[in-house]
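What follows is a single structure, written as structure tokens, with notes after it.
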Protein chains: 2
Amino acid sequence: MARVTIKDIALAANVSPMTVSNVINARASKASPETIERINEAIRTLGYQPNLSARALASNASRLIGVVVPFTEDQNQLLLDNPFYAEVVSGIESALRARGYFMMLSGLGETSNEVDALAQWNVDALIAIGIYREGLFERLRKRHLPTLLVDSYLTDDHVHHLRVADDQAARRATEHLIAHGHRRIALVTGAVRDGGVIEQRLAGYRLALDAAGIAFDPDLVLAGSVTFDWGIDAADQLVARRATAAFCTADLIAAGVLTGLHQRNIDIPGDVSVLGFDNLPVSRMVYPALSTVDQTILAKGKLAGDIVLDMLEGRKPPRETLLDARIIERQSVGPVPK
Amino acid sequence: MARVTIKDIALAANVSPMTVSNVINARASKASPETIERINEAIRTLGYQPNLSARALASNASRLIGVVVPFTEDQNQLLLDNPFYAEVVSGIESALRARGYFMMLSGLGETSNEVDALAQWNVDALIAIGIYREGLFERLRKRHLPTLLVDSYLTDDHVHHLRVADDQAARRATEHLIAHGHRRIALVTGAVRDGGVIEQRLAGYRLALDAAGIAFDPDLVLAGSVTFDWGIDAADQLVARRATAAFCTADLIAAGVLTGLHQRNIDIPGDVSVLGFDNLPVSRMVYPALSTVDQTILAKGKLAGDIVLDMLEGRKPPRETLLDARIIERQSVGPVPK
DNA sequence: CTGAAAGCGCTTACAG
DNA sequence: CTGAAAGCGCTTACAG
């Protein structure tokens with residue numbers, strides 16, 4: 001039982017292989033209704049499955065989209081430490097699947113060449129999530145692949161962008177805390193990097209402070225990494241610096257802050273208010289339930305998929321797509337203690 | 001700048017394309033050191049990248065592994081609702097990448113034919129996670145693809161298995177609760193299905209009860225779904241049925257139970273003890289930190305990748321691989337209240 | 001140690 | 001509306 005090919009179908013339906021190809025690819029008006037019916041019948045009875053490698057080779061288009069997610073060298077896996085990635089990827093996958101494309105997912109290290117690997121499969125386009133390192137970016141731009149950068153501020157004429165309006169979102173978040181009477185508001189965050197998302201959020205935070213006439217205190221910016229453990233550590237400094245509220249630029253960090261605060265028997269939000277960012281599922285699971293900035297991650301992923309396919313199908317989506325974020329009020333933010 | 005092919009290399013190095021092919025594929029002893037050096041030089045300067053579609057077509061092997069994760073029809077995305085999948089997939093991806101294979105990831109619905117899609121790409125093998133439905137299984141077995149089932153008890157001669165020793169793990173978990181003096185121990189779980197993992201855990205739970213001389217009470221088995229929300233609801237019944245401890249067959253459920261209990265001002269573990277299963281990252285983030293059964297998910301994913309590649313490379317791994325699970329003690333389990 | 005030839009399963013101009 | 005031919009970029013026996 002060798003693989004059934006287009007030739008077998010052609011034989012069975014009494015046409016040439018090329019007519020079969022035309023019918024399969026729905027190039028209408030290229031075959032009579034009867035021919036089409038005969039061919040489809042043959043496809044059904046013989047159980048024909050197109051060979052996509054062959055198609056990709058011949059047509060120079062693969063219907064394959066490469067998705068790269070950064071990972072750090074020391075922990076060699078992706079998705080894991082931040083559920084954010086899982087959710088974006090999930091959104092992308094469903095958007096692609098809905099439109100008949102396939103996803104090739106790869107982690108992307110600092111030095112290695114996973115992008116090359118994807119290129120070898122002739123992916124039609126690339127979606128890169130959270131790329132900020134210039135080096136990687138250079139590597140990406142060398143291939144003239146249609147590329148969508150999610151959550152990156154690196155600029156280039158040949159690249160499309162999708163992100164939330166980070167400065168605005170951070171500004172609103174900070175204002176939310178100010179509206180509850182807080183003035184000593186810490187920003188707990190990952191590393192601030194050029195071209196990264198956190199830089200923008202820091203700017204939004206400062207804008208809100210300025211507008212409220214609160215002096216910016218660099219000691220209140222606690223930059224570490226986007227991890228639960230960093231949040232636990234940051235709780236110490238929060239207390240030491242007498243902050244009454246913490247705006248965390250990731251729910252993962254916020255969850256850590258909550259845990260760190262519990263360990264010191266500090267009441268949330270009685271003593272300290274905590275606001276997150278992302279609205280990950282985990283934000284509902286912690287105690288107290290975390291107030292956070294919703295960035296509709298899943299929708300973002302789907303949109304990423306759709307934008308990239310629009311690019312491929314010549315629908316010229318805008319170079320930059322900005323998503324709105326809104327605050328979800330739960331139990332972790334309250335009025336400033338007297 | 002057309003694509004540089006094997007021919008270009010051959011031309012530049014003054015050999016035939018087939019020698020280039022031999023060198024690229026490291027078929028040793030097939031070329032003199034000088035030839036090899038000349039070819040590699042040409043590859044470097046011309047920036048040659050093999051076309052994997054062409055290779056797959058010609059060699060009838062793709063180095064592509066299909067990974068399918070079930071999703072439910074109503075919510076059309078994968079990974080999302082259970083971080084467990086994200087972590088397994090992450091493990092698989094890194095194992096495959098380390099050995100030069102690629103992962104093709106797809107959601108798998110009840111009725112749809114994503115497996116067909118993967119087959120069209122000529123994946124060399126399939127890893128299916130959490131497949132229990134007979135229908136799907138039939139579809140899988142029809143293709144004579146090497147297949148590894150993760151967390152499934154469906155049996156078939158042509159399939160390999162990887163899972164934790166669920167009955168044993170559940171038994172030990174229940175015994176852990178019994179050792180703390182509990183006798184009214186609820187089992188909070190997803191739907192119990194033939195060929196599913198939960199069936200086995202239920203069996204282990206009963207074994208532990210029997211061994212301790214505790215009568216099995218069907219009212220104490222709370223079966224819903226593997227979700228946070230189900231956990232919240234289950235908390236009500238826990239109270240109504242006067243359970244002093246809950247063994248949850250997933251951390252996600254346990255997180256919900258914690259939240260539901262908090263809403264009723266029930267102290268954990270003072271009034272009710274809660275034990276989870278999985279040791280997801282979230283189990284550290286909830287309050288109190290969740291005692292749980294560690295099933296080393298990431299390692300499991302890596303192992304899944306390695307087993308499948310061993311199969312492909314003719315190393316004949318055992319048909320069934322069983323993982324051990326151990327209990328991680330944190331703060332959610334305590335002595336039975338007097 | 002190296003090569004000429006055929007073929008993997010498709011699609012793409014080009015004809016008719 | 002349909003077909004014969006060439007080609008996509010590789011690999012695989014088979015020779016020498």
Side-chain angles (χ1 to χ4, degrees), chain A residues 1-40 42-43 46-64 102 116-117 119-124, chain B residues 1-40 42-43 46-64 102 116-117 119-124:
Chain A
M1 42 157 272
R3 162 161 215 144
V4 10
T5 75
I6 219 174
K7 273 190 189 169
D8 302 316
I9 304 298
L11 217 66
N14 223 317
V15 292
S16 78
M18 102 131 276
T19 301
V20 177
S21 171
N22 277 160
V23 168
I24 287 173
N25 294 292
R27 273 186 259 286
S29 80
K30 289 258 191 170
S32 67
E34 299 82 52
T35 319
I36 293 178
E37 182 39 50
R38 233 179 325 130
I39 290 175
N40 283 332
I43 287 176
L46 295 186
Y48 169 72
Q49 305 252 47
N51 182 328
L52 297 187
S53 296
R55 181 179 291 175
L57 179 59
S59 71
N60 201 25
S62 60
R63 294 189 86 78
L64 220 46
F102 299 86
D116 291 347
Q120 291 175 181
W121 278 107
N122 300 315
V123 296
D124 288 341
Chain B
M1 44 157 274
R3 161 162 216 144
V4 9
T5 75
I6 219 174
K7 272 189 191 171
D8 301 317
I9 304 299
L11 218 65
N14 225 318
V15 294
S16 77
M18 103 131 277
T19 302
V20 177
S21 172
N22 276 162
V23 169
I24 288 172
N25 294 291
R27 274 186 259 287
S29 79
K30 288 259 190 169
S32 67
E34 301 82 50
T35 319
I36 293 178
E37 183 40 49
R38 234 176 328 127
I39 290 175
N40 283 331
I43 288 176
L46 296 185
Y48 168 73
Q49 305 252 46
N51 182 328
L52 297 187
S53 296
R55 181 179 291 175
L57 179 59
S59 70
N60 202 25
S62 61
R63 295 188 86 80
L64 220 46
F102 299 87
D116 291 348
Q120 292 174 182
W121 277 106
N122 301 314
V123 295
D124 288 342

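In what follows, chains carry the letters A, B, and so on, assigned in the order in which the sequence lines appear, proteins first and then strands, with residues in each chain numbered from 1. These numbers were taken from a predicted model, which means no experiment stands behind them.
- As rounded to whole Å, 13 Å separates atom C1' of C:dC10 from atom CD of B:Gln120.
- Rounded to whole Å, the distance from CG on B:Asp8 to P on D:dC8 is 11 Å.
- Nearer to the 5' terminus of DNA chain C, by closest-nucleotide assignment, is the contact made by B:Pro33 (compared with the other of B:Ser59 and B:Pro33).
- Spacing between atom CG of B:Asn25 and atom P of D:dA13 amounts to 13 Å, rounded to whole angstrom units.
- Secondary-structure annotation of DNA chain C gives the stems C:1-3 with D:14-16, C:5-12 with D:5-12, C:14-16 with D:1-3, with a stem taken as at least 3 successive Watson-Crick or G-U pairs whose two distances both fall under 3.5 Å.
- Closest contact between the side chain of A:Met18 and the listed nucleotides C:dT11, D:dA4, C:dA4 involves D:dA4.
- Annotation for A:Pro50 and A:Arg55: closest pair CB-NH2, 3.5 Å, computed over non-hydrogen atoms.
- Partners of A:Asn51 by side-chain contact (heavy atoms from CB on, under 4.5 Å), not counting sequence neighbours, listed by chain and number: A:Arg3, A:Ser53, A:Ala54, B:Leu57, B:Asn122.
- Put simply, the side chain of A:Val23 does not reach to within 4.5 Å of the side chain of A:Thr35, judged on heavy atoms.
- The side chain of B:Ala58 approaches C:dG7 more closely than any other nucleotide in the set C:dA4, C:dG7, D:dC8.
- Here A:Ile39 contributes atom CD1 and A:Ile6 contributes atom CD1; the two are 9.0 Å apart, rounded to the nearest 0.5 Å.
- Between the side chain of B:Asp8 and the main chain of B:Thr5, a donor-acceptor pair closer than 3.5 Å is present.
- Side-chain atoms of B:Val20 and B:Tyr48, non-hydrogen and from C-beta on, never get closer than 4.5 Å to each other.
- Atom CG in A:Leu57 sits about 17 Å away from atom P in C:dG7, given to the nearest Å.
- Against DNA chain D, the stretch residues 48-56 of chain B makes heavy-atom approaches under 4.0 Å through B:Tyr48, B:Gln49, B:Pro50, B:Asn51, B:Ala54, B:Arg55.
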